Engineer: 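Structure provided below as structure tokens; questions to follow.
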Amino acid sequence: MVISRLKFAKYKTKADKKISALILDVITEGYALLQTKASYEIFDVEISKGTIKVIGESFIIKSRLLAKHLKGAKRIALFVCTIGSELPSKVNEYAVRGEIARATILDAVGSEAAEALAEKIDSLIKAKAKQEGFSALRRFSPGYGDWTLFDQAKILKVLKAGRLGVRLTKGYVMVPEKSVTACIGLVQKSPRPIRKIYERHIK
Amino acid sequence: MKDILNRLKGEILIYDGAMGTLLQESGALRAGACPEELNLSRPKVIKSIHSDYIDAGADIIETNSFGGSRLKLKAYGLDKQVYKINYEAARIARQAASNEAYVAGAVGPLDRQIQPLGDLFFNEAVDFFREQIKALKDGGCDLIILETFADIKELKAAFIAAKEVGGLPIQAQMTFEGGERTTYGTPPSAFCVLFQSLGADIIGTNCSTGPKELLKVIKEIAPFTNRYISCLPNAGLPQLRGGRTYFTESPKSFSKYAVEFARLGVNLIGGCCGTTPEHIKEIKSLLKNRKPTKRRYTPVFRLSSRSKVVELNSGTKPLIIGEKINPTGKKDLQKEIKKNKTIIVRREALEQTKKGADILDVNVGVPGCDETKAITQAIEAIQGVCQAPLSIDSPNPKAIEAALKEVDGKPLINSVNGEKEKIDSILPLAKKYGAAILILTLDKGGLPKDSEARLKIAERVIDRATKLGIPKEDIVVDPLTLTISAKPEQVKESLTAIKKLKSKGYSTSLGVSNISFGLPNRVRINSDFFSLALAFGLDMAIIDPNDDAMFRVAKGGIRRRANEGEIKRFLGSALKPIERIAKKKIKTKPFYRKDVRARLKDAILYGDKDNIVSFIEEALSKGVSPLKINNSILIPALETVGEKFARREYFLPQVILSAEAMQRAFGRLKKELKPSEARAKGKIVIATVEGDIHDIGKNIVISVLENHGYKIYDLGRSVPANVIIKEAIKNRADIIGLSALMTTTMIQMERVIKELKKQRLRFKTIVGGAVVTKEFARRIGASAYARDAIEAVNIVKSLIKERT
């Protein structure tokens with residue numbers, strides 16, 4: 001779906017062979033530049049109107065929309081993932097060299113890869129939650145609705161994102177730029193299931 | 001008591017069922033408490049559960065030590081008692097079993113992932129497992145069971161630890177989601193190939209969602225191993241009824257599956273989460289006097305990765321080993337390895353597998369570099385991007401061992417030869433880490449001339465390998481080939497050696513392209529020779545997967561047998577230094593029209609930056625004025641591009657390529673234009689605001705504006721407000737362009753505009769970026785907002801008109 005990021009319209013845009021070949025080439029190049037890393041952790045939470053209190057950590061998330069979204073969740077998974085700095089720095093290199101087309105396509109490949117990575121981590125968490133008798137809610141990231149981007153700092157801190165090489169600029173922008181933080185609510189399927197059956201594997 | 005492996009030859013043995021489930025029911029295990037701690041505080045409860053299972057008919061009981069590793073106990077503050085807890089676990093079980101049952105020391109995952117999935121080093125993981133396994137052995141276990149693993153590398157670490165402790169049979173088990181793959185992507189077949197090769201005594205599966213899914217696992221595993229197979233399913237999924245947890249499989253329904261497992265050839269059957277002594281009793285009664293079903297196992301050359309098995313189908317299709325990850329003669333790869341980077345390595349890995357390489361050779365030896373570190377990094381990188389099994393290509397045993405730890409599957413070691421030091425250092429590594437080996441038929445004396453002597457060297461290595469327990473199917477011999485330009489008669493020796501090795505049942509490999517070294521027309525010679533070698537029985541070849549001719553040969557498969565007459569014919573044709581294939585002229589230019597103006601227009605429309613400068617030259621030589629070229633050909637063409645983009649006929653890359661072509665064209669035209677004609681239509685300072693690092697959009701805007709004749713000062717990204725203003729003044733800019741992608745950074749735009757007002761500076765401002773809207777632009781007092789680069793051109797035009 002790299003091409004739709006590049007404003008490709010299915011029935012209107014006519015891409016010639018040269019462009020298609022260039023895009024395929026850059027996608028291969030992009031693949032080789034990926035240094036995907038991710039980290040997640042699961043926390044118990046208490047949710048009241050507009051606030052999410054993360055138990056065991058000294059932080060509270062204030063967001064009415066997120067609290068509403070997480071309704072019924074006893075736990076949340078917080079995660080951060082990144083495709084690393086090699087791809088973004090290559091994009092920059094092309095841009096400086098004046099190869100803007102290559103830079104733009106590679107940038108789109110990076111965005112798509114970061115999205116796919118987030119999706120993958122999401123599904124890992126879902127699978128794990130299922131084993132433990134939880135069902136997972138849809139992913140929610142800082143910046144959606146009224147959940148401020150400033151909270152990225154807290155998330156990166158509890159996940160020790162420095163180990164993955166992810167940090168924030170003064171303007172609360174993540175570096176490397178193709179990185180994602182998110183929260184997934186976990187709802188207990190039954191009031192008293194066996195604790196973490198797969199993890200603890202109570203054989 | 002008879003040795004357990006001996007008993008398994010003629011009997012199906014029954015494992016016990018769940019421990020934790022019963023501990024919870026008995027009330028001894030409170031929610032959130034550490035089950036293994038009960039070995040110290042409630043030994044009687046543990047012992048009585050063991051006894052219940054033995055009474056129910058279990059032949060093997062598992063110690064209460066699944067979570068007994070240092071890392072897991074640490075979560076309960078029990079990391080000082082690792083030895084004691086595990087030792088006691090084994091001792092209690094031993095007491096309960098006395099000589100009626102076997103005691104299996106249970107070891108589970110660490111709960112922290114090994115690199116690159118997590119932050120734990122492989123060696124650290126081995127240390128944690130070794131500590132636990134040593135205590136279990138000391139406490140009196142009869143075997144070690146490694147169970148419920150999802151990451152194959154972690155299981156490998158546990159297995160290596162158990163082997164290092166030594167002296168006990170090892171049972172290795174993974175848990176598969178839906179019976180298909182582990183959470184981390186390993187299918188049962190890839191798991192089985194590695195642990196068959198590592199030398200696990202029992203290979204199997206446990207936990208999962210229930211017995212039904214494990215049937216699939218057993219069916220997949222069975223053809224890949226001649227070891228005993230174990231299966232310990234959960235009693236289905238936990239369900240809640242009336243405040244209590246139930247598992248879906250009753251003893252009756254569960255034991256039906258047990259019979260099915262026995263029929264498929266499973267040798268050890270028991271239960272995991274949710275199973276009880278009743279389940280075991282039922283299984284025992286059904287399987288009591290049943291003899292194990294014989295399985296069929298065909299030993300074949302197989303390699304694996306985390307997610308895939310590659311096997312040799314001898315006589316039908318050769319395996320291709322991609323040779324491109326090798327710094328010999330490649331400056332850029334050498335440079336990259338020295339810088340500890342892996343971009344080229346990953347690209348080569350991807351491209352080779354895309355072309356169809358079955359196995360990837362990894363050689364990263366560069367003089368003056370730490371090869372151990374380089375090969376570990378390269379393997380991590382390759383495993384991150386593709387699924388092909390690897391061939392570890394190094395002369396350095398230390399680097400080989402590091403690579404063997406890093407690799408997720410069963411690799412090939414390339415290579416060992418007849419030298420004593422090589423045999424002594426490399427073969428034991430292959431055995432320990434479960435790798436296949438490639439033998440080169442040379443030694444200190446070099447490559448023997450005749451095939452007999454080459455075979456002798458091979459036999460010397462094979463003899464040692466066999467003594468160490470490396471099976472025949474894991475041995476590949478490369479009888480080597482030299483270029484025919486040096487010694488044509490040696491071709492026959494290489495081919496004869498292949499034939500002889502095949503007749504003894506060994507797999508063979510060749511670095512086929514050596515044959516044509518120093519000759520013209522290599523492609524033809526290589527593919528002819530490859531085809532000939534296949535006819536003599538070659539099984540695999542180390543080649544460049546980009547070589548299409550070779551691939552055609554490989555895909556054609558092995559259909560014929562050849563004789564010596566063919567060798568002669570091959571030599572005759574290969575040595576004739578005639579270029580038979582006439583070089584076809586390659587068309588370089590697309591279908592351009594004849595008229596140069598039309599061509600110039602098309603070159604902009606198609607973004608052909610390679611040809612546009614020559615078209616400009618042509619037009620100039622025909623006397624078209626530079627101003628006319630620019631204003632009445634190029635600019636209108638560029639406007640057409642903009643219109644096509646607006647109609648969504650073009651997408652972004654096409655617009656940018658056109659812009660790049662325009663840049664080249666204008667670069668050439670500028671030299672011809674009079675200064676007054678070449679003067680910019682306006683000056684614009686552009687920056688991504690402070691705190692924001694996104695600049696791809698800004699760069700696109702710049703390249704499009706430049707083409708429309710504006711002079712741009714690009715200040716880069718994360719530029720503070722005062723710098724932007726300073727530069728605007730210095731360059732006497734007409735317009736300031738600001739870009740931001742995030743809600744947290746777009747407020748910086750407002751700062752710039754406020755500052756301008758404060759200083760009473762009258763620059764026009766134009767803002768844009770993903771989250772910026774027209775409404776936001778108006779609110780902060782920007783002169784304009786542009787949605788994209790094309791819109792920016794029109795807005796800039798009108799803003800400049802306003803100024804003048």
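Being a predicted model, the structure only gives us computed values, none of them experimental. Residue numbers start from 1 in every chain, and the chains themselves are labelled A, B, ... in the order their sequence lines are given, proteins ahead of strands.
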Engineer: Checking A:L124 against chain B: side chain, backbone, both or neither under 4.5 Å from a heavy atom?
Structural biologist: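 Contact with chain B: side chain only.
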Engineer: Under a 4.5 Å heavy-atom cut-off, does chain B meet the side chain of A:L22, its backbone, both or neither?
Structural biologist: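 Just its side chain gets close to chain B.
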Engineer: Check each atom of B:E660 against the heavy atoms of chain A and say whether the ones under 4.5 Å are side chain, backbone, both or neither.
Structural biologist: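 When you check distances to chain A, only side chain atoms of B:E660 fall under 4.5 Å.
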Engineer: Are any non-hydrogen side-chain atoms of B:D695 and A:N92 less than 4.5 angstrom apart?
Structural biologist: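 Result yes, sub-4.5 Å side-chain heavy-atom pair found.
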Engineer: For the residue pair B:Q748 and A:K170, establish whether any side-chain heavy-atom pair is separated by less than 4.5 Å.
Structural biologist: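 Of all side-chain heavy-atom pairs linking A:K170 with B:Q748, none is under 4.5 Å.
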Engineer: Heavy-atom distances under 4.5 Å only: say whether A:I23 touches chain B with side chain, backbone, both or neither.
Structural biologist: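 For A:I23, side-chain heavy atoms alone lie under 4.5 Å from chain B.
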Engineer: What is the minimum heavy-atom distance between A:A101 and B:P653, and which atoms define it?
Structural biologist: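 For A:A101 and B:P653, the tightest heavy-atom pair comes out as CB-O, 4.4 Å.
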Engineer: Ignoring hydrogens, what is the shortest heavy-atom contact between A:V173 and B:G691? Give both atom names and the distance.
Structural biologist: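 That closest heavy-atom pairing would be CG2-O, 3.2 Å.
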Engineer: Under a 4.0 Å threshold between the charged nitrogen and the carboxylate oxygen, would A:D25 count as salt-bridged to B:K354?
Structural biologist: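 No.
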Engineer: Kindly check if the number of other-residue, nucleotide or ligand heavy atoms within 6.0 Å of CZ (B:R30) is above 12?
Structural biologist: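 Not more than 12 within 6.0 Å, no.
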Engineer: Go through the steps for B:L652 and A:I105 under the test side chain to side chain contact (heavy atoms under 4.5 Å, CB included), then give the verdict.
Structural biologist: CA-CA 9 Å; B:L652 209 44; A:I105 300 168; over 6 Å; no
Engineer: With side chain to side chain contact (heavy atoms under 4.5 Å, CB included) as the criterion, how do B:T743 and A:L149 come out once you've worked through the C-alpha distance, each side chain's angles and the decisive distance to 0.1 Å?
Structural biologist: CA-CA 8 Å; B:T743 49; A:L149 282 170; 3.1 Å; yes
Engineer: At a heavy-atom distance under 4.5 Å, which candidate from B:E351, B:Q663, B:R717 has the highest pair count against chain A?
Structural biologist: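 Of the candidates given, the most pairs with chain A belong to B:R717.
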Engineer: Tell me every residue that passes side-chain contact (heavy atoms from CB on, under 4.5 Å) with B:L741, counting only those two or more places apart in sequence or in another chain.
Structural biologist: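 Expected list: B:D692, B:H694, B:A770.
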Engineer: Are any of the side-chain nitrogens in B:R346 or A:E86 under 4.0 Å away from the carboxylate oxygens of its partner?
Structural biologist: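 Answer for the salt bridge query: yes.
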Engineer: As an exercise, state the distance from CG of A:L34 to CG of B:L350, rounded to the nearest 0.5 Å.
Structural biologist: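 It comes to 9.0 Å.
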Engineer: Taking all atoms of both residues into account, what is the closest heavy-atom pair of B:S703 and A:I100, and its distance?
Structural biologist: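 Looking at all heavy atoms of both residues, the closest pair is CB-CG1, 3.9 Å.
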Engineer: Is the number of heavy atoms from other residues, nucleotides or ligands under 6.0 Å of A:Y94 OH greater than 12?
Structural biologist: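 Yes.
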Engineer: If you tally heavy-atom pairs under 4.5 Å against chain A, which of B:E690, B:R648, B:R347 wins?
Structural biologist: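 Heavy-atom pair counts peak at B:R648.
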Engineer: Closest heavy-atom contact between B:I693 and A:M174?
Structural biologist: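 For B:I693 versus A:M174, the nearest heavy atoms are CD1-O, 3.7 Å.
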Engineer: Looking at B:L657, B:I344, B:T744, B:T342, which has the largest count of heavy-atom pairs under 4.5 Å with chain A?
Structural biologist: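 Among the listed options, the one with the most contacts to chain A is B:T744.
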